[in-house]
Peer 1: 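So that we are looking at the same thing, I have put the structure below in structure tokens.
Note that the structure is a prediction, hence the values are computed from the model and not measured. This chain uses plain numbering: 1 for the first residue, then up along the sequence. Hydrogens, waters and symmetry mates are skipped; everything else that's a heavy atom, side chains included, is used.
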Amino acid sequence: MPTTTQAPRGAELFRHQARMVRQVVGMNLAGVTHEESLAHPSGGGNSINWVLGHLLWVYEGALPLVGQRPVLGRDAVARYARGGAALVEGEEPLPLAELQAAWDQAADRIDQGLAALPDDALDRPAPFSPSNNPEETVGSLIATVLFHQTYHGGQLGVLRRVAGKPGAIR
């Protein structure tokens with residue numbers, strides 16, 4: 001007799017999405033050196049280093065939302081804040097290996113926090129709203145954060161090619 005698998009719901013659905021983002025980011029960073037992470041696309045745009053730092057900056061702000069402590073703290077990655085300038089020649093960004101290690105810890109903490117988050121918490125008012133939505137809930141904010149992470153995780157795939165690496169996802 002065939003069995004059915006119930007699709008994840010609530011916080012478990014978000015946990016699944018966060019795990020997929022982590023996998024895509026990891027695949028797109030595999031084999032990239034710090035020097036390669038500083039390559040910029042022609043015509044402007046951010047490097048792998050900046051995008052990964054930005055992903056970390058977002059998770060640092062989201063970790064308290066799921067009951068977890070930030071890894072480095074937002075001040076340590078303020079250089080990668082939304083709207084921040086692209087890295088420039090001669091500037092010393094955080095080493096890629098340090099960013100990756102902090103990203104992995106933040107992703108672990110997001111996973112742990114989502115695993116412990118009761119579904120009814122998703123309906124609570126959010127402590128902040130990036131879109132200034134007065135009706136923002138914890139659930140809608142987590143959905144926005146994960147959409148953001150997915151968007152930039154995909155950018156890393158393009159930037160990987162800019163850095164001279166073959167595509168990681170086929």
Side-chain angles (χ1 to χ4, degrees), residues 8 11-66 68-115 128 130-131 139-170:
E12 274 303 309
L13 177 61
F14 291 141
R15 194 172 179 210
H16 174 74
Q17 289 173 318
R19 286 176 170 177
M20 291 186 71
V21 168
R22 184 178 189 180
Q23 181 180 11
V24 165
V25 168
M27 291 170 71
N28 283 328
L29 294 176
V32 174
T33 67
H34 176 71
E35 292 73 26
E36 291 167 335
S37 81
L38 301 176
H40 291 271
S42 64
N46 290 308
S47 65
I48 287 172
N49 185 286
W50 192 93
V51 171
L52 181 60
H54 182 63
L55 289 170
L56 177 58
W57 177 81
V58 168
Y59 266 179
E60 292 286 81
L63 281 163
L65 189 64
V66 295
Q68 297 289 311
R69 291 181 350 270
V71 176
L72 299 177
R74 271 193 139 176
D75 288 345
V77 288
R79 172 68 189 84
Y80 303 98
R82 179 180 184 196
L87 299 173
V88 295
E89 187 74 30
E91 187 175 3
E92 289 298 322
L94 289 174
L96 183 64
E98 185 178 328
L99 284 173
Q100 282 183 278
W103 159 259
D104 283 337
Q105 286 181 340
D108 280 342
R109 291 180 188 181
I110 288 288
D111 186 62
Q112 292 164 10
L114 288 170
F128 62 92
S131 63
S140 66
L141 182 53
I142 291 171
T144 299
V145 165
L146 291 174
F147 169 79
H148 174 273
Q149 303 299 75
T150 302
Y151 175 85
H152 287 300
Q155 279 184 327
L156 289 174
V158 173
L159 292 170
R160 176 183 174 81
R161 290 178 183 265
V162 168
K165 297 289 189 190
I169 300 173
R170 302 189 201 295

Peer 1: Between Trp50 and His40, is a side chain to side chain contact (heavy atoms under 4.5 Å, CB included) present by the stated rule, with each step listed?
Peer 2: CA-CA 10 Å; Trp50 192 93; His40 291 271; over 6 Å; no
Peer 1: To the nearest 0.5 Å, what is the distance between OG (Ser37) and CZ (Arg160)?
Peer 2: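 Ser37 atom OG to Arg160 atom CZ measures 12.5 Å (nearest 0.5 Å).
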Peer 1: Might you point out which heavy atoms bring Pro93 and His34 nearest each other, and give the distance in Å?
Peer 2: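 Taking every non-hydrogen atom into account, CG-CE1, 4.2 Å.
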Peer 1: Could you go through the side chain to side chain contact (heavy atoms under 4.5 Å, CB included) check for Asp104 and Arg22 one step at a time?
Peer 2: CA-CA 8 Å; Asp104 283 337; Arg22 184 178 189 180; 3.6 Å; yes
Peer 1: With sequence neighbours left out, what residues match Arg161 under side chain to side chain contact (heavy atoms under 4.5 Å, CB included)?
Peer 2: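 Partners of Arg161 by the side chain to side chain contact (heavy atoms under 4.5 Å, CB included) criterion come out as none, since no residue qualifies.
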Peer 1: Any chance you could measure Asn46, atom CG, to Leu159, atom CG, to the nearest 0.5 Å?
Peer 2: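 Asn46 atom CG to Leu159 atom CG measures 8.0 Å (nearest 0.5 Å).
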Peer 1: Which atom pair, heavy atoms only, marks the closest approach of Gln100 to Leu29?
Peer 2: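 Looking at all heavy atoms of both residues, the closest pair is NE2-CB, 3.6 Å.
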Peer 1: Distance from Tyr80 atom OH to Glu60 atom CD, nearest 0.5 Å?
Peer 2: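 Answer rounded to 0.5 Å: 12.5 Å.
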Peer 1: I need the Ile142 CD1 to Phe14 CZ distance, nearest 0.5 Å.
Peer 2: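 Reported value, rounded in 0.5 Å steps: 6.0 Å.
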Peer 1: Does the Asn49 side chain pair with the main chain of Leu94, one donor and one acceptor, at a distance under 3.5 Å?
Peer 2: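 Yes, because the side chain of Asn49 sits within donor-acceptor range (under 3.5 Å) of the backbone of Leu94.
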Peer 1: Verify, without hydrogens or angle tests, whether Asn28 (side chain) and Gly153 (backbone) share a donor-acceptor contact under 3.5 angstrom.
Peer 2: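 Yes, the answer is positive, given that a donor and an acceptor are paired below the 3.5 Å cut-off.
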Peer 1: In Å, rounded to the nearest 0.5 Å, how long is the span from OH of Tyr151 to CG of Leu156?
Peer 2: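 Those atoms lie 11.5 Å apart.
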Peer 1: Take the angle between the ring planes of His54 and Trp57 and call it parallel below 30°, perpendicular above 60°, tilted in between.
Peer 2: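 Because their plane-to-plane angle is under 30°, the rings of His54 and Trp57 count as parallel.
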Peer 1: Using the side chain to side chain contact (heavy atoms under 4.5 Å, CB included) rule, take Asp111 and Arg15 through it: C-alpha gap first, then chi angles, then the decisive distance, then the call.
Peer 2: CA-CA 6 Å; Asp111 186 62; Arg15 194 172 179 210; 2.8 Å; yes
Peer 1: How many angstroms lie between atom NE2 of His16 and atom CG of Leu114, to the nearest 0.5 angstrom?
Peer 2: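 Separation between the atoms: 13.0 Å.
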Peer 1: Any donor and acceptor pair, going by atom type alone, linking the side chain of Arg109 with main-chain N or O of Pro70 inside 3.5 Å?
Peer 2: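 At least one qualifying donor-acceptor pair exists.
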Peer 1: Is there a donor-acceptor contact under 3.5 Å from the side chain of Glu36 to the main chain of Thr33?
Peer 2: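 Yes, Glu36 side chain to Thr33 backbone: donor-acceptor pair under 3.5 Å.
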Peer 1: Looking only at non-hydrogen atoms, find the nearest pair between Gly53 and Leu99 and report the distance.
Peer 2: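 For Gly53 versus Leu99, the nearest heavy atoms are CA-CD2, 3.9 Å.
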Peer 1: What are the two closest non-hydrogen atoms of Ile110 and Ala18, and how far apart are they?
Peer 2: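 Looks like CG2-CB, 4.0 Å.
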Peer 1: Do you know the tightest heavy-atom contact between Val25 and Trp103?
Peer 2: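 Shortest heavy-atom separation between Val25 and Trp103 comes out as CG1-NE1, 3.5 Å.
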Peer 1: Looking at every heavy atom in both Leu146 and Gln17, which two are closest together, and how far apart are they?
Peer 2: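 Residues Leu146 and Gln17, closest heavy atoms: CD1-OE1, 3.8 Å.
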